[in-house]
Amino acid sequence: MCDTFHVTTAPSTERTRLTHSLVLLLPAVLFGLLVSVQWRTQAERNELTVRYNTPLLDAAKSLQNEQNALKVTLAELRAQLDQIQTSASTQSDAAKDLQSRIDGLKTVAGLNERTGDGVEIILDDARGAAAAKDVEKSICHNTDLTDIVNQAWRGGAEAIAINEERIVGSSSIYCVGSTIMVNGTLMSPPFKVLVIGPQNELLATYDDPTQLRDIKQRRDIYGLGFRVSRATGLHLPPYRGALNVRFATPR
Amino acid sequence: MRSNAGVISVTIVALFLGLLAVTQIAAQDVYSRSLQLETPASLTTLIANLSERNNAIKDEILDLRHRTETAREAIAGGKGSLTEAERQLSQLRVFAGMSATSGAGIMVRVEGTFDERALSDLVNELRNAGAEAIAVNTVRVGPRSWFGATADRALTVDSVAVRGPWQVRAVGSPEVMYVAMTRTGGIIGQFELIYKGTRFDVSRESALDLPALATPLR
């Protein structure tokens, strides 16, 4: 029986061994590949971080913290000056008229808080497998934000803020490397764009298939995060940066 | 037994594989960016940008402290604060685009193919370089301005058609804006690569006169 067994099962054992080897081959190759990619990724980042980036990173973070503190001081000083002028404006009709015009201009220029209904737009980098197809097309760029803001003004927006930074006449949405700055403030995705204005017109302008075609295409193909929804009771902060009027004089 | 051992081996390898795949995806999270992934060159540019912004805020803080003190003294002396109010009003009228504005700056002249997204990017770049007031041809760009295009290839600013060649004029520091526009790898360089055949000229201007917004903001 045993001989017979050995004689009859020998080829079968070989086949089983071969099958096991083949089954393990593919995972083993993938395993090796992933280990090496992982090792290289870590090695590159560590080298950069240790040699150059750490002090620069600290400097950038420190400047951003300084900016946050400076903005608080600026807001306090603006409030103090407002208070002085408001109390002085009771002294004469001319002063009262001037103060009223200043308040009106501050509101339209984005220097006052604003509350109201409108839309909320979320823009975010793609996540998951679809993102790996094309990194450039699956992440959000500053130009996506400028397009979204342009579209909001087109749709009749009265006030816009991106991640708590109010968009005003001097605002810029700037990109360095892969970091985005709005009003000089460092930001990273997801971006929440709050827009106060006529809801139906705003929703219609974002739904318009002829507008924001690039963003919509990247959402559909690469999974870029882009969604627009109706929002009520929005609260937008005032612009907290410098007014920076030095070269320009009114005529 | 041998078959069981095979299954266990494959399971262990598969587990490691899964673990590594997840780690790799998380590590490569390009896609969730952070400052730590920036190159030293990018970080240096970011630092320069942050420093400029912070210096502008510091200047304004100094200016506001002085103005607050002056206004207090004027009120205490029975003079009221009309001077400060008038100063603030004229500053806000420029900031909101509500008054015609003069000053030094730069002009970017564009002749050839151009589009509304590029115009929007150019205005964004000028603002980042510190432009205090901007106009496209004879149309003032305001805080809520938007850019579009017409079927006959004109561009629009707040629905008003502006036809090429376009003159984008910006009041602000001529030197800072000129360098920001013309630097290697800057926006004009990028435009020249994208819009081949279109001519871009940037010039420093000692005196520009920009109109006010045609429709006042409400």
Side-chain angles (χ1 to χ4, degrees), chain A residues 20 23-24 27 30-31 34 37-38 41 52-53 56-57 59-60 63-64 66-67 70 73-74 77 80-81 84-85 88 91 95 98 101-102 105 108-110 125-126 131 135 139 143 146 150 153-154 168-170 172-174 176-179 181 184 188 242-245 247-251, chain B residues 6 9-10 13-14 16-17 20 23-24 27 30-31 33 35 38-40 42-43 45-47 50-51 53-54 56-57 60-61 64 68 71-72 75 80-82 85 88-97 99-104 120 124 127-128 132-133 142-144 146-147 171-172 217:
Chain A
H20 283 165
V23 163
L24 285 171
L30 281 172
F31 182 78
L34 278 167
V37 171
Q38 180 70 25
T41 307
Y52 307 108
N53 280 26
L56 293 172
L57 207 57
L63 282 166
Q64 182 60 72
E66 183 190 42
Q67 188 183 105
L70 287 170
T73 308
L74 189 61
L77 282 166
Q80 273 180 35
L81 192 55
I84 292 168
Q85 282 183 248
Q91 291 175 2
L98 269 177
R101 289 164 67 192
I102 288 171
L105 275 173
V108 295
D125 291 345
V135 174
I139 61 173
T143 46
T146 54
N150 191 55
W153 295 132
R154 179 197 285 260
V168 295
S170 62
S172 64
I173 303 167
Y174 196 62
V176 180
S178 58
T179 301
M181 299 174 97
S188 58
L243 288 189
N244 194 32
V245 179
F247 289 82
T249 51
R251 278 190 289 128
Chain B
S9 307
V10 170
V13 172
F16 267 109
L17 201 61
L20 272 170
T23 314
Q24 181 62 26
V30 235
Y31 328 132
R33 293 165 277 166
L35 280 179
E38 293 296 354
T39 62
S42 292
L43 279 171
T45 310
L46 277 173
I47 287 166
L50 281 166
S51 295
R53 293 278 176 170
N54 291 7
I57 300 175
E60 192 148 323
I61 285 173
L64 271 179
T68 306
R72 270 203 190 108
I75 291 167
S81 65
L82 277 181
Q88 201 175 352
L89 187 69
S90 63
Q91 189 186 39
L92 285 169
R93 284 174 62 77
V94 171
F95 190 74
S99 67
T101 299
S102 303
S120 170
N124 184 59
R127 284 172 170 162
N128 193 61
E132 298 171 14
R144 298 181 192 166
W146 58 274
F147 306 94
V171 173
L217 298 174

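In what follows, chains carry the letters A, B, and so on, assigned in the order in which the sequence lines appear, proteins first and then strands, with residues in each chain numbered from 1. Keep in mind that what you see is a predicted model, and the values were worked out from it rather than measured.
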Exercise. Do B:Glu60 side-chain atoms and A:Leu243 backbone N/O form a donor-acceptor pair below 3.5 Å?
Worked result: yes
Exercise. Side chain, backbone, both or neither: which part of B:Ser99 has an atom under 4.5 Å from a heavy atom of chain A?
Worked result: side chain
Exercise. Which heavy atom of B:Leu64 sits nearest a heavy atom of A:Leu77, and at what distance?
Worked result: CD1-CB, 4.0 Å
Problem set entry | Selection from A:Val168, A:Thr146, A:Asn244 maximising heavy-atom pairs under 4.5 Å formed with chain B | A:Asn244
Problem set entry | Backbone of B:Phe147 reached by a side-chain donor or acceptor of A:Asn150 within 3.5 Å | yes
For this session: Mind listing the closest non-hydrogen atom pair of A:Ser170 and B:Phe95 along with its distance?
Result: OG-CE1, 3.5 Å
Seminar exercise, completed: Assert top hit (heavy-atom pairs under 4.5 Å, partner chain A, pool B:Leu217, B:Val171, B:Leu92, B:Thr45) equals B:Leu92
For this session: Flag the one option from A:Gly169, A:Ala60, A:Gly110, A:Ala95 with the top tally of heavy-atom pairs under 4.5 Å to chain B.
Result: A:Gly169
Problem set entry | Heavy-atom contact with chain A under 4.5 Å, split by part of B:Leu43 | side chain
Exercise. Between A:Ala242 and A:Leu74, which heavy-atom pair has the shortest distance, and what is it?
Worked result: N-CD2, 4.1 Å
Problem set entry | Selection from B:Ser42, B:Ala96, B:Ala100, B:Gly103 maximising heavy-atom pairs under 4.5 Å formed with chain A | B:Ala100
